[in-house]
Amino acid sequence: METDNDTRISEFLLLGLSEDPKLQPLLFGLFLSMYLITVCGNLLIILAVSSDSHLHTPMYFFLANLSFVDICFTSTTVPKMLWNIQTQSKLITYEGCITQIYFFLLFSSSDDFLLSVMAYDRFVAICHPLHYMVIINPWLCGLLVLVSWIMSVLNSLLQSLMVLQLSFCTEVEIPHFFCEPNQMIQLACSDTFLNDMVMYFLIVLLGGGPLAGILYSYSKIGSSIHRMSSSQGKYKAFSTCASHLSVVSLFFCMGLGVYLSSAATQSSHASAVASVMYTVVTPMLNPFIYSLRNRDIKRALKRIIGVPVM
């Protein structure tokens, strides 16, 4: 690869999930299918929420935003991987890598914040039902989404600019299917102490903070459900939270697990495989998780596509 006087290289090699040529057609078909399911499924959720007046509520407003972010999140990494497999090329430009890092951090952070906002919405709906429409008003909904985007932009901008300050010498092979920030930092030949400290600090602050808020919200929700005298009321309250809890478990467990485990192990292949869970699988499963357990969404989808949703 070409180098210049300040040791900045022009291209990287994305090694992907496997270098076995026999597995490439299988990986291409698998990830193309998952990507199409993700895009179509989340677009249907957005269409259902926007077209059905019964779904013009804060809960579904946040869900539509989450679906939009999931489409963008997956589109940041999967299309490039599919292109590399199809063209039998592993190259990605330096500029392309930095751009991928920026949008990866932007949409992963947005996913993180929106999940915490949705937990707060469920907390108010179950623990303070009489004040729900007063507290979760349209102005607050817009403000929460706006703050989520602002925080995500600042986070991704800060970390991307810090990666730009790093120098890369001869090690240009990224053992991943996209330019994962932690892998990039490990490849640098300049001092990465500040990058590591900032990255893990932001993981704790922007990952652990929302997660703590989600856990607190659901601890209060659990207490409220436990105090309900009606078993039917308990079931209804729990069912409105089950989908969100499933998504939270998948996203946070896999996402935080990948980053925190990287501090203790150098198994890049295991990290790449685990990353598939929260960058590809979770966005693909979200529409199924929310639609299969939600009668309102199923009714809206049936009206749109004309086929009953199981």
Side-chain angles (χ1 to χ4, degrees), residues 42-73 103 105-158 202 205-225 236-248 251-252 283 286-287 289-291 293-297 299-301 303-304:
N42 282 288
L43 279 177
L44 281 174
I45 293 293
I46 295 172
L47 183 59
V49 172
S50 61
S51 64
D52 192 332
S53 60
H54 295 93
L55 302 182
H56 293 174
T57 63
M59 181 176 71
Y60 295 112
F61 171 72
F62 296 135
L63 177 58
N65 277 273
L66 181 67
S67 294
F68 171 75
V69 169
D70 281 341
I71 292 174
C72 298
F73 188 28
F103 284 107
L105 291 169
L106 172 64
F107 295 123
S108 61
S109 299
S110 299
D111 230 328
D112 183 6
F113 287 122
L114 283 173
L115 288 173
S116 62
V117 167
M118 293 172 74
Y120 174 69
D121 172 74
R122 292 299 84 203
F123 160 72
V124 177
I126 294 175
C127 298
H128 305 284
L130 299 179
H131 301 93
Y132 177 74
M133 296 307 298
V134 176
I135 299 175
I136 310 296
N137 54 67
W139 182 86
L140 181 62
C141 290
L143 180 63
L144 289 173
V145 171
L146 178 61
V147 170
S148 297
W149 279 106
I150 291 174
M151 295 293 291
S152 300
V153 168
L154 293 176
N155 171 52
S156 58
L157 187 61
L158 173 61
L202 291 175
L205 180 66
L206 303 182
L211 179 59
I214 291 172
L215 294 176
Y216 174 80
S217 295
Y218 276 102
S219 68
K220 294 296 185 180
I221 289 172
S223 299
S224 296
I225 293 176
K236 183 178 179 180
F238 177 78
S239 63
T240 61
C241 302
S243 300
H244 185 252
L245 274 175
S246 301
V247 174
V248 167
F251 183 81
F252 278 96
N286 282 0
I289 292 174
Y290 283 109
S291 63
R293 298 188 60 90
N294 191 299
R295 293 180 180 178
D296 295 330
I297 291 289
R299 185 184 65 248
L301 291 177
R303 187 174 59 82
I304 293 172

Hey, could you give me the [atom1]/[atom2] distance between [X] and [Y], rounded to the nearest 0.5 Å?
X      : Y      : atom1 : atom2 : value
Leu301 : Leu47  : CG    : CG    : 8.5 Å
His54  : Ile297 : NE2   : CD1   : 13.0 Å
Trp149 : Leu114 : CH2   : CG    : 7.5 Å
Phe103 : Ser156 : CZ    : OG    : 8.5 Å
Leu140 : Leu146 : CG    : CG    : 11.5 Å

Could you pull out all residues at least two apart from [X] that satisfy side-chain hydrogen bond (donor to acceptor under 3.5 Å, both in side chains)?
X      : answer
Asp296 : Tyr60, Arg299
Asn65  : none
Ser67  : Asn42

Partners passing side chain to side chain contact (heavy atoms under 4.5 Å, CB included) against [X] (at least two apart in sequence or in another chain):
X      : answer
Ser223 : Arg227
Leu158 : Met162, Val198, Leu202
Leu157 : Tyr102, Leu161
Leu154 : Ile150

Check: residues 105-113 side-chain donor-acceptor pairs under 3.5 Å, at least two apart:
residue, atom, partner, partner atom, Å
Ser108, OG, Phe104, O, 2.8
Ser108, OG, Leu105, O, 3.2
Ser109, OG, Leu105, O, 2.8
Ser109, OG, Asn155, ND2, 2.7
Ser110, OG, Leu106, O, 2.8
Ser110, OG, Ser152, OG, 3.1

For Met151 and Leu206, which heavy atoms make the closest approach, and how far apart are they?
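That would be CE-CD2, 4.0 Å.
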
Which atom of Ser148 lies closest to which atom of Val117, heavy atoms considered
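Shortest heavy-atom contact: OG-CG2, 3.9 Å.
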
Report the C-alpha separation of Leu66 and Phe73 in whole Å, then their side-chain angles, then the decisive distance to 0.1 Å, and conclude whether the side chain to side chain contact (heavy atoms under 4.5 Å, CB included) test is met.
CA-CA 10 Å; Leu66 181 67; Phe73 188 28; over 6 Å; no

Compare all side-chain heavy atoms of Leu63 with those of Leu55 and state whether any distance is below 4.5 angstrom.
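Counting from C-beta outward, Leu63 and Leu55 never come under 4.5 Å.
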
Donor-acceptor contact below 3.5 Å, side chain Asp52 vs main chain Val49:
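Answer holds: no.
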
Which donor-acceptor pairs under 3.5 Å do side chains of residues 120-132 form with protein atoms, sequence neighbours excluded?
residue, atom, partner, partner atom, Å
Asp121, OD1, Tyr132, OH, 2.5

Going by the side chain to side chain donor-acceptor pair (under 3.5 Å) test, which pairs reach into residues 206-219, not counting sequence neighbours?
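Pairs touching residues 206-219 that pass the test: Tyr218-His244.
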
